Engineer: 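Here's a structure for you.
Fair warning: this is a prediction, and the values are worked out from it, not measured in the lab. Whatever order the structure lists them in is the order used to number ligands and atoms, beginning at 1.
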Amino acid sequence: MCGIVGYIGPRDAYPVLMKGLYRLEYRGYDSAGVALMDGNLKLYKTHGKVSDLENKIKNQDLSGTIGIAHTRWATHGEPNDVNAHPHFSHSRRLAIIHNGIIENYGSLKKELVNRGYVFKSKTDTEVLIHLIEDIQVNEKVDLVEAVRIALNHVIGAYAIVVVSQDDPDKLIAAKKGSPLVIGIGEKEFLIASDASPIVEYTKNVVYLDDEELAIIPRHGRIKIKTIKNKDKTPYIQQLEMQLSAIEKSGFPHFMLKEIYEQPRSIKDSMRGRLNSAKGIVSLGGIIDYEQKLMNCRRVLIVACGTSWHAGLVGEYLFEDLARIPVEVEYASEFRYRNPVIYEDDVVIAISQSGETADTLAAIELAKAKGATIIGICNVVGSSIARATHAGSYTHAGPEIGVASTKAFTAQVTILALMALSIANKKGTIPKTRFFQLLSEMDSIPAKVEKALEVNDTILEISKIFKDVRNFLYLGRGYNFPIALEGALKLKEISYIHAEGYPAAEMKHGPIALIDEEMPVVVIATKKGTYDKVVSNIQEVKARKGIIIAIVTEGDEVVRGMADYVIEIPETDEIFVPLVATIPLQLLSYHIAVMRGCNVDQPRNLAKSVTVE
Ligand code: G6P
């Protein structure tokens, strides 16, 4: 994780860098720092958030038209002033920012210590900047060459930017495993972990590939070479991101804005891919791989966090509609448990950021075994999107709140489109049902819009439950992953302990927890296993538990039993996850706000987890 940003050009670098850091703060926010050069290399840093840095240094000399800045999510060394980035080299003439992990930092550090280097911080990053300086001095090479040689000694992941007092008209950036984008403006360049700090200055960007190094001059063109010293031609792409998409647009938090964006983001994810009148579902990005999907031995879905929950919904969809066996795997487990992978397996990797280290590693493993890899990513040009054979982007737009909301529903939308397309081609569902499902899918954005109208009811319920210590979430069938996702959302942002469970499994354990203090959120929508879930509600009531039920509009049966009822529009069982997840997102949001939690940047979490 961590966010990095660099600037070189005619402007004052500091305001550009700070604005960039605020945009990247979702990637980590336990400490922050900036290095600016105006003759001398000045370095300021602090534990805490970007705003803490801004306050702390507001009376300092912040001049300079070249600089680098960093917002951190600690891996090596606790979040304090010293461990914050940037880090100086031994002579204090070089500074570095880094996102990633230098895995062999221990052995490198030992060598450097033996040669007399003194380390100030506990970070892996400081090793790299000392190493670069050591190579520069001892091998008598220029800075670019020193960085290149140093990176050949590094095992691990990095996106770095290096600045030198002796080279005031140049930034050097490099990446492997962590993301890095270079914006090419009018006589100026920006470097960042993603495009959000760049978009307001230029739409021309270059995404560095792994083991590439960019030399970014104050005047002239950028040069790219590999760390093996092979020259590359920069491939300039156009950003499609709009500035408004990364601002709060009047909402108090990004999370709330993103919850309310879902009617649009679901529609955008379907746009051009679904034509219900003609009975067409077509995902351009995977069209050449559909035969592989239809004929595969099984689908393996790999993902982490909320994306893993989307994967679970995918399992229900693919098995139910397309009759393809599916296994859903935590990428972090899959990569280390010597899994059986066949060449005729199709792996679907789901990731909002497209940068999750475990998911990326799972992909590489499956690829090495000959499986076909399809990606479902939100961030265009991300590492996972590029590592897959084919894929479909979710068109959710930038998601900035750390707790994933609109990316989740967009992922489920893509999975539903894929499953429907394959089911139709395989003939595993009757044509009439296929047409009926397509037309129902068309109505989902409007139903999600309607589901958002429960906001006031949820506000009232949140007031009642904001101080409880535990929550249980129950769902069955397609609603089981939604129970897991609802519980995760609450945990993430309100720090209330919450567990999601398949409703029927409650009697094998969690039922022991139920008493008059325990709120139980039950997703009890009509169809599917509705009757069974109603029985589970009765079991909870018999033990004096408090039921908050998510029900289909007009359901009087559950209304008669539950303590609180939240109605959502009726839809086909397979699309209920898209609608039922809305009230659960709102519930966690309001409870977190009422508890005074930092909704967009919950403690200890980060949006993009580029470390194991
Ligand atoms: C982090 C985020 C979650 C996200 C998970 C997977 O834990 O806080 O919101 O679901 O990573 O991220 P990905 O980008 O791969 O979907």
Engineer: Kindly confirm or rule out a cation-pi arrangement of K369 over Y342, judged by NZ or CZ under 6.0 Å from the six-membered ring centre and within 45° of its axis?
Structural biologist: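 The answer is no, since K369 fails at least one limit relative to Y342.
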
Engineer: Could you state the interatomic distance from CG (D358) to CD1 (I363), rounded to the nearest 0.5 Å?
Structural biologist: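 Reported to 0.5 Å precision, the distance equals 11.0 Å.
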
Engineer: How are the rings of Y589 and H253 set to each other: parallel, tilted or perpendicular (split at 30° and 60°)?
Structural biologist: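 Ring orientation of Y589 relative to H253: perpendicular.
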
Engineer: Please determine whether a side-chain nitrogen of the Lys or Arg among K49 and D52 lies less than 4.0 Å from a carboxylate oxygen of the Asp or Glu.
Structural biologist: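 Between D52 and K49 there is no salt bridge, as every charged N stays at least 4.0 Å from the carboxylate O atoms.
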
Engineer: Does the ring of Y495 carry R603 above it, NZ/CZ under 6.0 angstrom from centre and within 45° of its axis?
Structural biologist: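 Pair R603/Y495 counts as cation-pi.
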
Engineer: Heavy-atom contacts with ligand 1 below 4.0 Å: which residues, ordered by chain and residue number?
Structural biologist: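 C304, G305, T306, S307, S351, Q352, S353, T356, V402, S404, E492, A606, K607, V609.
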
Engineer: Report the relative orientation of the aromatic rings in F471 and F465; use parallel for angles under 30°, tilted for 30 to 60°, perpendicular for over 60°.
Structural biologist: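 Plane angle over 60°, so perpendicular.
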
